[in-house]
Amino acid sequence: MALALAPQLTAWALILVGAACAAPRVLLAQPVTAAASQAMSPTSPVHNRPASVGWSQGIPAQDPDLVAWGRKIYLEGRRPNGEWVRGMRYGNVQASGEAVACVMCHRRSGLGAVEGTLQISPISGRYLFDQDARAVVNMNLRVRKAFNQRHAPYTFETLAQALRSGVHVSGTELNPVMPRFELSDHDVQGISAYLRQLSASWSPGVTQDRIRFATVITPDVAAERKKTFLETLQAVIRQKNSNFVPGQRTMSSAAEMVLKTQRVWDLDVWELKGPASTWNDQLTAFYRERPVFALISGLGGDTWEPIHDFSERTGLPCWFPSVTAAPDQAEDGFYNIYFSRGVMLDADVLGRHLRTLQAQAQPTRRLIQIVGPELAHRRAAQALSTALQGSGITVEQHPLGADTQGMLGGMKADEAVMFWLSTPQLETLAKWPVPKGAVFFSARLTGGEAAAYPTAWTTQLQLVYPYELPQKRQAGLLYFKQWLSTRKLALVDEILQSEVYFALDYLNDTIVDMLDNLHRDYLLERAENMLSLREASRAEDQARDWISPRQQAVHSGEPLRALPYGTPSARMPRPQAHRGESYSSMTKRESTTIYPRLSLAQGQRQASKGGYIVRFTNPTAGNIDVTAQTDWIVP
């Protein structure tokens, strides 16, 4: 999780950051002054500024009415009185309202973005007005040295000219993508006031050398599952903190080394009790007692909606919890990121599959849904009924009960049954005859292909399968499993443990990339931008034939300082191909987790968006391998 720099590279790293901040990589670059270079030093007064003061030191208090006026323009492209803001792009393309809102390009944090080859500069106050020399943003995920560029501080007059006429403070022309706005002086004053306080200080939970997180566990989680979850979560955090040694340069980038932005992680466990209607008050009390920067991972049972709503209401990021079903409103929020929609996605995948069979003259006349006792089971069944409306398939829903056996016994070959059941309910089916029609289960609910499905059913049974196929995911999980071994943790639940490991590993990579811009909105923006690039790069790195001891330490969790360079015995052998797969094909991976591919675009909040329909490869031999019957289905 943290890659050390050799001592002989220290001087080079110092030169690198200073040069990168001054290099004319973008249109409006200005040289770094001697004073600014001095301020970047880890021993400078700026570096040691108390976290309570943040970055707004020296900025006068802003009129709250002006800040509110500017916020409305920035986020919505309209004034508080309801008037839309208008602007012109490319000289003659008129636009207004949300289409010209600043947030569309500069994002909620004001820290900019990269769109293709276009670098959208940070415009929060410490970048626009203060010229704080420690204000450094990585402006290109593919090039670690492409930081934001310095320029003279803006004044009211130069800001007004930039917004209205597209003229940079240096006198050069701004990119034509930037609108030329129709703004009054009051509008410009409002925007200026809003930008001065935007991302001005670290978010709650962050201090100079520590960052506090919490994880949430709902009361309906089984004790053994909770134990496995906490052991994995806490082991990752211990490993992360073991790589942080004060006074040693164990940073992963030159900028991080110079700015000394690495922090120790603290973790609180928020265990909820009682009915879901009381969870908001419990979460509020936890947060009031000790604020945290984000909720990380997390473990839910029947519902996660109260936690989701709390995060949206308080602006507290909730980072890749392990839940059965994401709330219905998940895609409409900003502060919650999920692996997928859960069983709601499974329902849509199966619905798409059955519709495809209808179009291929393999019609299903009737679908019976056998629904378990949990809320997630009922939500999934209703989602599948909705997905099949107008398909010509008659859809029924029945609870698992005494009459289920007779209903299944009366099925015909052109009918199908979908079981929305979890592992405990599978035992009930063992004494029943195999239905004549197609039989489907949700692998997410049952725990995957290794669940205790009735043996007689496996020749006919099909799974809605949201994970990478077992014979292909071994390479992606190679380092995770090696890490478990090194930390002396048993592989109890591959799905859950790999989700926890990925969530924290990706969180660490994202925070490293954020440098000292520890703002909650920016965390989520970087998560959107980094995920697919990070996964492709990490998967390629992990597929190399040989791994040096120090690289191996990063993945194993051992402190880097314990493994000197050039230790032959520490060489790790080539990863082994599994189940007849060639090594060359094994190295071509897009993922380092149990999902075949994870990606987010701006505004998306579910990283995995599809699934397979699979059958058991050789069920009569007791083999739990599965074979895909479909391509990856994205509803």
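Quick note: residue numbers are just sequence positions, from 1. Just so it is clear, the structure is predicted and the values come from calculations on it, not from any experiment.
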(request) Evaluate the salt bridge (Lys or Arg N to Asp or Glu O under 4.0 Å) criterion for residues K609 and D348: first the C-alpha distance (whole Å), next the side-chain angles of each, then the deciding distance (0.1 Å), finally the verdict. (result) CA-CA 10 Å; K609 303 170 179 66; D348 285 348; over 6 Å; no
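Among all heavy-atom pairs drawn from E182 and D187, the shortest one is O-OD2, 4.4 Å. Among all heavy-atom pairs drawn from F293 and L518, the shortest one is CE1-O, 3.6 Å. Heavy atoms only, all atoms of each residue included: S599 and S532 are closest at CB-CB, 4.0 Å. The two atoms that bring I237 and L504 nearest to each other are CG1-CD2, 3.6 Å, heavy atoms only.
Although no hydrogens or angles enter the test, the distance criterion places a donor-acceptor pair under 3.5 Å between the side chain of R164 and the main chain of L183. Here the side chain of T314 pairs a donor or acceptor atom with the backbone of F310 at under 3.5 angstrom. Judged by distance alone, the side chain of S608 and the main-chain N or O of Y595 form no donor-acceptor pair under 3.5 Å. Remark: side-chain polar atoms of R263 are paired, donor with acceptor, to backbone N or O of T261 under 3.5 angstrom. At least one donor-acceptor pair under 3.5 Å links the side chain of S311 to the backbone N or O of L316. Judged by distance alone, with hydrogens and angles left aside, the side-chain atoms of E312 form a donor-acceptor pair with the main-chain N or O of F334 at under 3.5 Å.
Between the side chains of Y338 and H308, at least one donor N or O sits under 3.5 Å from an acceptor N or O.
If you take NE2 on H519 and OG on S201, they are separated by 7.5 Å, rounding to the nearest 0.5 Å.
Using cut-offs of 30° and 60° on the angle between ring planes, the pair W483 and F480 is parallel. A perpendicular orientation is assigned to the rings of F502 and F320, their planes being inclined by more than 60° (bins at 30° and 60°). Below 30°, between 30° and 60°, or above 60°: for Y194 and Y74 the angle between ring planes is between 30° and 60°, a tilted geometry.
Cation-pi check for R352 over W632 is not met; the charged atom does not lie both under 6.0 angstrom from the ring centroid and within 45 degrees of its normal.
Taking the charged nitrogens against the carboxylate oxygens, E528 and R605 do have a contact shorter than 4.0 Å, which makes a salt bridge. Ion pair R526/D513 flagged as a salt bridge, since at least one NZ, NE, NH1 or NH2 atom sits closer than 4.0 Å to an Asp/Glu carboxylate oxygen.
Annotation: side-chain hydrogen bond (donor to acceptor under 3.5 Å, both in side chains) contacts of D65 (sequence neighbours excluded): none. Q329 pairs by the side-chain hydrogen bond (donor to acceptor under 3.5 Å, both in side chains) definition with E305, D309, not counting sequence neighbours.
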